[in-house]
Amino acid sequence: MRVAFDMIGELEAALRGAAAAAGVADGDFMPGVRTSDPRHGDFQANGVLAAAKKAGRPPRPLAEAIVARLGPDVREAFDVSVAGPGFVNFAARPALLLAWLRAHTSPDDLARGAAAAHAGETWVVDYSSPNSAKQMHVGHLRSAVIGEAISRLVSFTGARVVRDNHVGDWGTQYGKLIWAYKRHLDGPALGRDPLEEFERLYKLGNAAAESDPAVMEEARAELVRLQAGDAANTEIWRRINEASLASFQGIYERLGIRFDVTLGESFYNDKVEAVYSGLSGSGVSSESQGAQVVFHPEHPRFKTQPLIVRKSDGAANYATTDLATILYRCEHFRAGVILYVVDKRQSDHFEQLFLTARKWFERTGRALPRLEHVDFGTVLGENGKPLRTRTGDNVRLRDLLDEAAERAFDLVTKKSPEFPEDERRAIAEVVGVGSVQYADLSQNRSSDYVFSWEKMISLEGNTAAYLLYALARIRSIFRKGGLECPDPAAEAAADAPATPGEAALARKLLKFADSVRLATETLSPHFLCLYLYELAGEFSTFYGADKVIVDDPVVRARRLMLCSRTLLVMETGLGLLGLRTLGRM
RNA sequence: GCGGUGGUAGCUCAGGAGGAUAGAGCAACGGUUUUCUAAACCGUCGGUCGCGAGUUCGAGUCUCGCCCACCGCGCCA
């Protein structure tokens with residue numbers, strides 16, 4: 001039996017053919033196939049109702065006519081029925097379940113199937129993008145975690161992905177920082193923790209400038225020197241950035257993040273002239289109060305609220321570098337899609353930016369890539385306000401991850417005290433960091449979410465630990481039995497899923513492709529999280545009901561095969577989210 | 001003021017381009033282990049989907065109005 005990875009696409013194609021044969025005009029039918037409530041089957045097509053209306057035909061007979069014209073391959077794979085006013089239900093037959101299990105034995109099998117979606121495309125993903133000279137804090141968490149998961153999803157579905165860390169390494173804060181660096185640098189402190197020292201210096205410089213106009217003048221002069229390419233200031237700036245990136249790297253490693261390029265704002269310093277001239281030359285921008293600005297008369301708000309592309313003092317701002325960045329990504333990377341994984345509070349900025357870029361590109365004969373602001377909500381404390389420490393400071397990402405690992409360590413120690421300490425530490429890092437990542441990803445990204453250690457590491461419900469635990473139990477079966485996973489020779493004896501637990505698990509495995517497609521299409525990893533959680537739930541039910549290591553060789557073979565595939569899909573899925581997995585916990 | 005996002009069970013949240021009896025988890029209550037990891041599993045209880053109209057075979061989902069919460073709004077990013 002032929003098994004498609006994208007079963008929904010396959011069913012839609014079959015339905016279109018059948019609908020045409022039943023006399024439905026081609027453009028009038030959107031099959032609308034989706035996974036369905038298990039009570040109704042595995043997939044359902046809702047599109048017949050709308051098509052019937054359009055064609056002026058009674059829906060139920062039309063559905064029956066379409067179903068009657070489905071080919072033998074579909075009938076062989078699915079039990080097809082018409083329900084209610086005209087829903088078409090598809091229930092996978094045991095033979096299809098078995099065929100799917102046999103067809104997907106390795107990560108490559110899954111990857112090959114998924115890679116058709118975006119083959120040949122180039123996507124640039126702009127994420128994380130912290131400011132240099134500052135510690136990464138909780139405000140940087142979501143962009144990093146969501147951006148990484150989306151990058152992996154897009155890459156898995158076939159695109160060439162350029163992960164770009166657009167670091168904020170250029171800005172007015174450097175005047176004060178360099179001023180303080182030259183006068184108050186604490187060498188030993190710098191050696192211990194550079195970012196700590198930079199922050200101290202910045203605060204010091206800022207306070208001095210606020211209270212003393214002379215200092216303010218000097219700081220401004222330092223900035224001018226830096227921007228003019230002064231050797232000493234450039235060297236200080238370079239050192240600050242180098243140390244910053246090295247510090248960020250520690251966080252990225254814990255979160256499983258690796259960028260392809262790190263092109264900060266400074267990279268675009270020599271590319272902003274093209275923006276000024278391009279915008280004014282094409283008539284997109286105008287002059288207002290000494291600044292170069294772009295109004296959008298057709299927009300209710302941006303007709304009066306301009307995008308400032310050049311400040312009245314002649315300097316660039318982030319709108320300028322963002323525009324230069326779009327052009328660079330098009331010309332240098334040949335980007336077809338650019339994603340900005342940035343806080344939703346910046347949605348106005350991106351809307352203006354994209355409008356401006358579109359006009360600029362149109363009038364200069366360039367093809368505009370798909371530009372998308374992948375926004376996300378704020379991490380809140382249990383008081384419903386943005387998460388802060390008791391003292392009201394930003395929660396540093398390093399401290400947050402440390403605490404997660406520490407809490408996980410206490411738990412592992414309680415549950416598995418017999419494990420050696422270094423293993424408990426290693427498990428705690430995976431569980432702790434994974435819990436933070438998963439808590440972030442499992443929620444709809446565009447809404448704010450409440451950060452709760454309790455729920456995150458409580459290990460009940462839709463959490464990383466629940467998933468990792470299910471995985472550890474599967475591995476344990478193979479370990480205890482001294483078995484290979486997968487073992488093609490042993491699996492040859494397997495027959496089709498038979499018990500309710502086996503069938504439910506196999507049916508869920510079948511829907512992995514849909515969860516990946518849905519998560520990627522909507523750039524919402526939480527759909528994949530939900531799927532993995534449900535899969536782990538089906539596995540746990542199966543595990544409780546059906547003993548795997550039994551004497552009957554056929555039963556044992558098919559259950560081992562189910563375990564092996566569940567492991568494969570769980571690991572692949574968690575990998576796409578950026579989580580690591582464990583052998584035992 | 002203008003604009004954006006949200007309001008679903010006591011709590012935290014899902015709900016795909018309008019589809020079938022609105023789903024999970026936590027909490028509460030009850031049950032399951034001489035058997036592969038009980039960090040688990042099974043069951044019960046729990047809903048005027050903010051309010052009011054409208055669109056239609058059908059609305060948590062679309063339209064309009066209102067209420068509430070959060071966020072953004074010229075030279076920061």
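- Under the Watson-Crick or G-U wobble criterion, with both distances below 3.5 Å, B:rG1 is paired with B:rC73.
- Among the heavy atoms of the strands, none lies under 4.0 Å from A:Phe478.
- Across the P atoms, B:rG1 and B:rC13 are found 29 Å apart, a figure rounded to whole Å.
- Among B:rC36, B:rA39, B:rA77, the nucleotide with an atom closest to any side-chain atom of A:Glu265 is B:rA77.
- Of the candidates B:rC36, B:rG16, B:rA77, B:rG16 carries the atom nearest the A:Asp514 side chain, counting heavy atoms from C-beta on.
- Between B:rA9 and B:rA28, the distance separating the two C1' atoms is 13 Å to the nearest Å.
- Not one side-chain nitrogen or oxygen of A:Gln289 sits closer than 4.0 Å to the OP1 or OP2 atom of B:rG74.
- At the heavy-atom level, A:Gly544 lies nowhere under 4.0 Å from the strands shown.
- Checking B:rA24, B:rC73, B:rA20 against the side-chain heavy atoms of A:Asp348 singles out B:rC73 as nearest.
- When both pairing distances are held under 3.5 Å, B:rU21 makes no Watson-Crick or G-U pair with any nucleotide shown.
- Contacts of A:Phe295 with the nucleic acid, taken as non-hydrogen atoms under 4.0 Å apart, include base atoms.
- Nucleic acid contact class of A:Gln44 (heavy atoms, under 4.0 Å, all strands): base.
- With P as the reference atom, B:rC36 and B:rC29 are 29 Å apart, rounded to whole Å.
- On a pure distance criterion of 3.5 Å, a polar donor-acceptor pair joins the side chain of A:Asn89 and the base of B:rA20.
- Applying the 4.0 Å criterion to OP1 and OP2 of B:rA38, one finds that A:Arg473 has a side-chain N or O inside that range.
- Residue contacts for A:Ala465: at a heavy-atom cut-off of 4.0 Å it reaches no nucleic acid atom on any strand shown.
- Side-chain atoms of A:Thr35 and base atoms of B:rG16 include a donor and an acceptor less than 3.5 Å apart.
- The base-pairing partner of B:rA59, taking Watson-Crick or G-U wobble contacts with both distances under 3.5 Å, does not exist among the strands shown.
- Among the nucleotides B:rA40, B:rU56, B:rA39, the one closest to the side chain of A:Lys53 is B:rU56.
- Note on A:Val450: only backbone sugar-phosphate atoms sit closer than 4.0 angstrom, heavy atoms only; bases stay farther off.
- Residue A:His526 places at least one side-chain N or O under 4.0 Å from the OP1 or OP2 atom of B:rG15.
- Pairing partner, B:rA39: none, since no Watson-Crick or wobble contact has both distances short of 3.5 Å.
- Within the shown strands, B:rG52 is the pairing partner of B:rC64 under the Watson-Crick or G-U definition, both distances less than 3.5 Å.
- A:Thr304 has no side-chain polar atom (N or O) that falls below the 4.0 Å cut-off from OP1 or OP2 of B:rG74.
- Among the nucleotides B:rA27, B:rA14, B:rA77, the one closest to any side-chain atom of A:Glu460 is B:rA27.
- A close approach under 4.0 Å does occur between a side-chain nitrogen or oxygen of A:Thr541 and OP1 or OP2 of B:rC42.
- At the phosphate of B:rC76, OP1 or OP2 sits under 4.0 Å from a side-chain N or O atom of A:Lys311.
- With hydrogens and angles disregarded, a donor-acceptor distance shorter than 3.5 Å links the side chain of A:Ser129 to the backbone of A:His166.
- Between B:rU48 and B:rU5, the distance separating the two C1' atoms is 25 Å to the nearest Å.
- Its glycosidic angle being more than 90° from 0, B:rG52 falls on the anti side.
- Here A:Arg517 lies in heavy-atom contact (under 4.0 Å) with a base.
- Counting any heavy atom pair closer than 4.0 Å across all strands shown, A:Leu49 reaches a base atom.
- Distance check on atom C1': B:rG16 versus B:rA59 gives 16 Å, rounded to whole Å.
- Between A:Phe198 and A:Tyr202, the distance separating the two ring centers is not shorter than 6.0 angstrom.
- In this structure, A:Asp343 reaches neither bases nor backbone, as no heavy-atom distance under 4.0 Å exists between it and the strands shown.
- The base of B:rG18 lies outside donor-acceptor range of the side chain of A:Asn46, with no N or O pair under 3.5 Å.
- Which of B:rC73, B:rC70, B:rA77 sits closest to the side chain of A:Gln305 comes down to B:rC73.
- Using a 4.0 Å heavy-atom distance criterion, A:Lys344 is classed as a sugar-phosphate-only contact.
- A cation-pi arrangement is found for A:Arg584 relative to A:Phe419, the charged atom lying closer than 6.0 Å to the ring centre and inside a 45° cone about the ring normal.
- Both geometric conditions, a ring-centre gap below 5.5 Å and a plane tilt below 30°, are fulfilled for A:Phe87 over the base of B:rA20.
- Outside the 6.0 Å centre-distance limit, the rings of A:Tyr449 and A:Phe376 are not counted as a close aromatic pair.
- For the pair A:Lys271 and A:Phe267, the distance from NZ or CZ to the six-membered ring centre is under 6.0 Å and the angle to the ring normal is within 45 degrees.
- Side-chain contact of A:Ser132 with A:Asn241: a donor-acceptor pair under 3.5 Å is present, judged by distance alone.
- Checking B:rC41, B:rA39, B:rG72 against every side-chain atom of A:Arg345, the shortest atom distance belongs to B:rG72.
- No side-chain donor-acceptor contact under 3.5 Å links A:Ser442 and A:Asn462.
- For A:Ser312, whose side chain is taken as the heavy atoms from C-beta onward, the closest listed nucleotide among B:rA14, B:rC75, B:rC42 is B:rC75.
- Separating the C1' atom of B:rU32 from that of B:rC51 is a span of 46 Å, rounded to the nearest Å.
- On the C1' atoms, B:rU55 is 32 Å away from B:rC71, given to the nearest whole Å.
- Within 4.0 Å of A:Arg34, counting heavy atoms only, lies at least one base atom of the nucleic acid.
- The side chain of A:Arg39 contributes an N or O atom lying less than 4.0 Å from OP1 or OP2 of B:rG23.
- Atom CD of A:Glu521 is separated from atom P of B:rG16 by 13 Å (rounded to the nearest Å).
- Note: A:Tyr340 and A:Phe350 have tilted aromatic rings, judged against thresholds of 30 and 60 degrees for the angle between ring planes.
- Considering only the side chain of A:Ala83, B:rA20 comes nearest among B:rC2, B:rG25, B:rA20.
- A:Ile474 comes within 4.0 angstrom of no nucleic acid atom, judged by non-hydrogen atoms across all strands.
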A:Phe542 vs A:Glu502, side-chain contact (heavy atoms from CB on, under 4.5 Å): CA-CA, chis, key distance, verdict: CA-CA 6 Å; A:Phe542 156 76; A:Glu502 292 168 4; 3.7 Å; yes

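- Nucleic acid contact class of A:Lys480 (heavy atoms, under 4.0 Å, all strands): sugar-phosphate only.
- Distance A:Lys415 NZ to B:rA40 C1': 10 Å, rounded to the nearest Å.
- For the 3.5 Å distance criterion, the side chains of A:Thr499 and A:Asp546 qualify, holding a donor opposite an acceptor.
- Base engagement by A:Ile549 is indicated by at least one non-hydrogen atom pair under 4.0 Å involving a base atom.
- A sub-4.0 Å separation between OP1 or OP2 of B:rG6 and a side-chain N or O of A:Tyr449 is absent.
- Heavy-atom distances to RNA chain B give each of A:Ala315 and A:Ile8 a nearest nucleotide, and the one nearer the 5′ end belongs to A:Ile8.
- If you check distances only, the side chain of A:Tyr318 does reach the base of B:rA77 with a donor-acceptor pair under 3.5 Å.
- Pair assignment for B:rC45 gives none, since no Watson-Crick or G-U wobble pairing has each distance under 3.5 Å.
- Comparing atom distances between the A:Arg301 side chain and each of B:rG3, B:rG16, B:rA14 picks out B:rG3 as nearest.
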